[in-house]
Number of protein chains: 2
Amino acid sequence: MTFWLPVSGEPDHQYDGVWRVTFPRVKALDDALVNRITAAYAHRMAATIRDVARAAGVSPATVSYYLNDTKPLTAETGRRIEKAMADLQFRRNPVARALASRRSRIIALAYPFGVGHESYSARQFIVGAARAAAALDYNLVVWPVEDDGLELAKLAEQGLVDGVLLMDVRDDDPRVDALAKIGVPAALIGRTGDAVTLPYVDIDFDASVRLAADHLLDLGHRRIVLVNGDPDQGNLHGYGPYYRTEGAYRNLMGEWGLEPAVMLCGQTVVAGRAAAGRLLADFPDATAVIVMNELPAPGLTAELIHRGRSVPADISVMSLYSTVNVAAMSTPNLTTVTTPGTELGALGVEALLKHLGGFPVPPVLVTGRLVIGASTGPRADAA
Amino acid sequence: MTFWLPVSGEPDHQYDGVWRVTFPRVKALDDALVNRITAAYAHRMAATIRDVARAAGVSPATVSYYLNDTKPLTAETGRRIEKAMADLQFRRNPVARALASRRSRIIALAYPFGVGHESYSARQFIVGAARAAAALDYNLVVWPVEDDGLELAKLAEQGLVDGVLLMDVRDDDPRVDALAKIGVPAALIGRTGDAVTLPYVDIDFDASVRLAADHLLDLGHRRIVLVNGDPDQGNLHGYGPYYRTEGAYRNLMGEWGLEPAVMLCGQTVVAGRAAAGRLLADFPDATAVIVMNELPAPGLTAELIHRGRSVPADISVMSLYSTVNVAAMSTPNLTTVTTPGTELGALGVEALLKHLGGFPVPPVLVTGRLVIGASTGPRADAA
DNA sequence: CTGAAAGCGCTAACAG
DNA sequence: CTGTTAGCGCTTTCAG
């Protein structure tokens with residue numbers, strides 16, 4: 001079996017004791033080699049539950065009860081088991097436990113990795129989810145899969161994981177259907193359309209947009225343009241963050257009696273640069289702009305300055321759903337409402353596990369944090 | 001059991017049908033709840049190898065041989081098994097397989113998540129590793145653990161995984177010792193000190209620095225400053241990328257008969273800004289600078305411009321080990337030699353699996369890609 | 001080339 | 001409160 005990494009360029013290998021590889025197309029191990037792998041999982045030589053039982057003078061079942069706290073035991077019995085376990089350096093075997101209990105205690109994080117999903121906060125989601133899982137004695141496997149659900153189905157139907165946490169969900173997400181057909185439980189980061197049947201956690205778009213807009217309104221701005229993501233680029237129709245953010249923005253503008261102004265922009269730095277020209281042409285009276293997602297904002301800001309506008313004196317830029325580090329890269333460093341990635345990852349795991357436990361799981365919406373930078377300031381032409 | 005996410009700010013919850021959470025301290029499920037989780041791993045109702053054997057008129061062992069290609073079978077037998085599997089929609093149970101074979105076919109990616117490790121290419125490593133693992137029928141669990149090896153030891157000694165891939169390794173890495181003591185096989189992305197006993201893949205620092213420096217030399221620059229990472233910040237003493245990059249740089253300068261000039265800088269955008277002042281003060285004759293890692297470079301560039309220097313007319317900036325997206329965020333967009341994250345992740349998995357198979361694994365060094373931006377240009381004061 | 005049989009280490013009824 | 005007893009589904013000698 002061979003697989004190719006999604007990297008450009010031709011392979012160029014040299015060997016002189018070590019391999020030196022430039023832009024590799026990676027040819028992986030073949031089947032035969034993989035089959036010959038001999039190392040066992042680390043646990044192999046450890047004492048078993050039977051050894052412990054024997055040493056403690058109880059039955060294996062009793063040890064199991066103690067381990068799982070699944071039946072009440074006398075303190076004395078517990079103490080003897082505890083001692084035996086310590087003496088024998090007992091470590092329970094998670095694989096055997098999984099087989100017998102029919103629960104692997106492994107969950108998967110499925111996240112897309114194609115165009116339009118190049119969010120740098122991806123790392124935060126993974127860290128949040130993995131650490132939450134670890135704290136709950138679960139393991140998190142990572143499945144970077146295509147949007148279409150095919151790869152996901154293949155992985156899920158292997159039956160290793162107890163459940164799947166889906167990232168970057170769309171209204172009509174093929175991955176959801178794929179999992180449903182296989183019968184693997186799932187929870188969502190993001191949501192599907194109106195009839196959300198699965199547990200989910202998501203950004204609180206209303207609150208986040210309000211946080212962003214209020215800051216601008218407080219500074220006196222009245223002509224605030226939203227630079228939203230473009231669903232036509234990267235096939236992101238029905239992508240919640242786009243239309244929910246726009247909805248929140250329009251509501252808010254309505255609430256304040258202001259005219260909404262929306263333009264679309266691809267999710268790259270370069271697209272952000274290009275958007276600057278359109279912004280100035282189409283909305284010459286804009287004094288502030290809210291830019292969706294972390295990549296376009298730096299590009300747009302840079303290009304505004306390049307075209308002779310001063311930020312924030314002429315126009316304030318608010319970066320919506322970015323990270324502190326990315327926001328700091330621009331000059332001036334950007335004011336942003338962050339993506340609560342760590343929180344969503346952790347809360348997503350929590351939702352999934354509650355769901356696996358058969359508990360009702362109310363939706364959770366998390367608001368980003370307003371981090372004030374130097375790209376927003378008082379409206380210059382204030383009446 | 002309760003755990004706190006590493007997020008700042010106080011919890012602020014509201015419930016009105018959905019939870020609305022701001023800056024949450026996440027309180028996770030308690031033990032009792034986790035114990036009550038009932039969902040089984042997805043496989044539970046599927047046909048077993050016995051069913052297949054019965055349907056095919058062979059023994060379970062034969063089916064196993066067929067599945068694993070572990071003994072030669074007649075074509076006819078294979079065909080019958082194949083048909084039975086299809087009829088019954090057979091899916092082998094990975095947990096049972098793991099128990100019997102003593103191999104879980106799960107490997108872990110351990111990566112640090114503390115200060116100094118906030119690389120945005122982390123996502124690429126994970127994607128590369130996870131997809132390589134999947135291609136080889138392995139699963140990758142993610143363990144974001146502290147540098148000290150304690151958390152890692154706790155996870156590894158559970159015995160779920162067949163091996164561990166360590167990211168961001170240092171010369172004297174406690175995590176390596178921790179794994180050795182437990183007896184869990186490991187491979188490295190990065191390397192330990194001189195006596196590297198474990199298989200590793202790493203950046204080809206010599207080649208990458210040469211790629212960066214050659215570009216600048218070709219443009220006529222002769223006074224090229226290296227802005228290296230500061231090991232005192234984030235406790236990164238013995239961190240290979242720092243001293244290997246510096247070594248490569250010094251060699252190269254020697255080779256060209258140029259005077260090396262090195263300054264240190266923390267791994268944040270803000271530190272990069274601060275470094276600009278020192279650069280101008282300490283090396284007023286510099287016409288080009290090579291900046292280590294993706295965060296400081298944008299800061300340094302911005303501050304140089306802020307101080308009235310023109311990039312690249314007055315000074316060229318080369319961002320070493322960044323990503324295309326981050327490099328594009330600056331104005332001018334930065335020339336960079338990338339971190340080959342995807343490649344290293346995939347090659348690391350390959351190295352680990354070969355190691356598990358008992359095969360010799362020669363080291364692999366991968367060179368980044370030179371992506372030319374607008375931050376480097378011909379030396380202005382060329383004689 | 002195929003099969004019988006003995007587990008892998010743990011859990012979970014069911015008894016007592 | 002504790003023990004007995006079957007497995008969970010697959011792999012892997014060891015025979016034939």
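So that the names make sense, note that chain A is the first sequence line, chain B the second, and so on, each numbered from 1. Excluded from the calculations below are hydrogen atoms, water molecules and symmetry mates; all remaining heavy atoms, backbone and side chain alike, are included.
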* Does OP1 or OP2 of D/dG9 have a side-chain N or O of B/Thr48 closer than 4.0 Å? -> no
* N/O (side chain, A/Asn68) to phosphate O (OP1/OP2, C/dT11) under 4.0 Å -> yes
* In whole Å, what is the span from the OH atom of B/Tyr66 to the P atom of C/dC1? -> 15 Å
* **A/Ala96, nearest nucleotide to its side chain (from C/dG9, C/dC14, C/dT2)** => C/dG9
* Asked: Quick one: is A/Arg102 getting a side-chain N or O under 4.0 Å of the C/dC10 phosphate, OP1 or OP2?
  -> no
* In terms of side-chain heavy atoms, does B/Arg102 have a donor or acceptor partner in A/Asn93 at a distance below 3.5 Å? -> no
* To do: Report the C-alpha separation of B/Glu76 and B/Arg79 in whole Å, then their side-chain angles, then the decisive distance to 0.1 Å, and conclude whether the salt bridge (charged side-chain N to carboxylate O under 4.0 Å, His left out) test is met.
  => CA-CA 5 Å; B/Glu76 170 55 19; B/Arg79 224 169 290 123; 3.1 Å; yes
* Under 4.0 angstrom between A/Thr77 side-chain N/O and D/dC1 OP1 or OP2 -> no
* Rounded to the Å, how far apart are B/Glu76 CD and C/dT2 P? -> 10 Å
* A/Gly57 near the nucleic acid: base, sugar-phosphate alone, or nothing, with a heavy-atom cut-off under 4.0 Å? -> sugar-phosphate
* Closest to side chain of B/Ala100, choosing from D/dT4, D/dT11, C/dT2 -> D/dT11
* To do: Please determine, for the side chain of A/Thr74, which listed nucleotide (D/dT2, D/dT4, D/dC14) has the closest atom?
  => D/dT2
* 5'-most by nearest nucleotide on DNA chain C - A/Ser64 or B/Thr62 -> B/Thr62
* Nearest of C/dC10, D/dT12, D/dT4 to any side-chain atom of A/Ile49? -> C/dC10
* Asked: What nucleotide, of D/dT12, D/dG9, C/dA12, holds the atom closest to the side chain of B/Leu99?
  -> D/dG9
* Sub-3.5 Å donor-acceptor pair from the side chain of A/Asp162 to the main-chain atoms of A/Arg103, do we have one? -> no
* Asked: Taking the nucleotide of DNA chain C with the closest heavy atom to each, which residue, A/Tyr65 or A/Arg50, is nearer the 5' end?
  -> A/Arg50
* Asked: For C/dA12, does OP1 or OP2 lie under 4.0 Å from any side-chain N or O of A/Ser101?
  -> no
* Which one of B/Asp173, B/Val184, B/Leu198 satisfies the side-chain contact (heavy atoms from CB on, under 4.5 Å) criterion with B/Leu179? -> B/Val184
* **Atom pair distance, as rounded to whole Å: CG in A/Asp69 and P in C/dT11** => 13 Å
* **For atom CG of A/Leu67 and atom P of C/dC10, their distance in whole Å** => 8 Å
* **Integer-rounded Å distance: C/dT2 C1' and B/Arg80 CZ** => 11 Å
* **Per B/Arg92 side chain, nearest of listed nucleotides C/dC10, C/dC14, D/dC10** => D/dC10
* Structure fact -> Between A/Asp147 and A/Pro112, the two heavy atoms sitting closest are OD1-CB, 3.1 Å
* Classify the nucleic acid contact of B/Val58 as base, sugar-phosphate or nothing, counting any heavy atom under 4.0 Å across all strands shown. => sugar-phosphate
